[in-house]
Amino acid sequence: QPQALYLASQLTQDSSRAKSVISRYALLNSTLSQAKFINTPAWIICYRQIPLLSGGSHDLYVVLDANSGTELFSLWS
């Protein structure tokens, strides 16, 4: 888990400004045509309440392959 948090923090500059960080280990399943994951071990890291320059905040989710440490995808909410 510490290594996953470190790797994810290197992928985005916004991670240091998050009010909280949550990480979970999961088996990822998806059959979308863009990406197929079947029982893929993954770390899901959520950076919560990252301040925006215009006010307000947003969350960032980074999903890492638990075997290789590579980013599978990320999304803002």
Side-chain angles (χ1 to χ4, degrees):
Q1 183 177 13
Q3 186 178 14
L5 290 169
Y6 172 77
L7 290 171
S9 72
Q10 301 302 302
L11 296 173
T12 178
Q13 297 173 352
D14 289 334
S15 63
S16 64
R17 300 182 315 152
K19 293 203 185 225
S20 67
V21 179
I22 299 168
S23 63
R24 297 286 186 263
Y25 180 83
L27 293 177
L28 187 62
N29 288 290
S30 169
T31 56
L32 297 173
S33 60
Q34 298 92 342
K36 293 185 189 287
F37 303 107
I38 308 296
N39 291 327
T40 302
W43 282 102
I44 303 168
I45 299 147
C46 176
Y47 296 97
R48 300 194 62 197
Q49 297 179 325
I50 300 170
L52 294 170
L53 294 175
S54 61
S57 65
H58 61 103
D59 297 339
L60 170 63
Y61 294 85
V62 178
V63 181
L64 300 176
D65 183 306
N67 293 322
S68 66
T70 58
E71 181 180 357
L72 297 174
F73 61 90
S74 63
L75 68 107
W76 298 95
S77 68

Just how far is it from atom [atom1] of [X] to atom [atom2] of [Y], taken to the nearest 0.5 Å?
X: L72; Y: L28; atom1: CG; atom2: CG; result: 6.5 Å
X: D59; Y: S77; atom1: CG; atom2: OG; result: 4.5 Å
X: L27; Y: N39; atom1: CG; atom2: CG; result: 5.5 Å
X: I44; Y: R24; atom1: CD1; atom2: CZ; result: 10.0 Å

Indicate if [X] and [Y] have the same hydrophobic cluster label, given that clusters are the connected sets of ILVMFWY residues with side-chain heavy-atom separations under 4.5 angstrom.
X: Y25; Y: L64; answer: yes
X: V62; Y: L7; answer: yes
X: V63; Y: L75; answer: yes

Among residues at least two apart in sequence or on other chains, which ones pass salt bridge (charged side-chain N to carboxylate O under 4.0 Å, His left out) with R48? none
Hey, what's the ring geometry for F73 with F37, parallel, tilted or perpendicular (30° and 60° as the breaks)? tilted
Closest approach of V21 to I45 (non-hydrogen atoms, all atoms of both residues): CG1-CG2, 3.9 Å
Considering all heavy atoms of both residues, which atom of H58 and which atom of L52 are nearest to each other, and what is their separation? CD2-CD2, 2.9 Å
List the steps and the verdict of side chain to side chain contact (heavy atoms under 4.5 Å, CB included) for I38 and N29. CA-CA 5 Å; I38 308 296; N29 288 290; 4.3 Å; yes
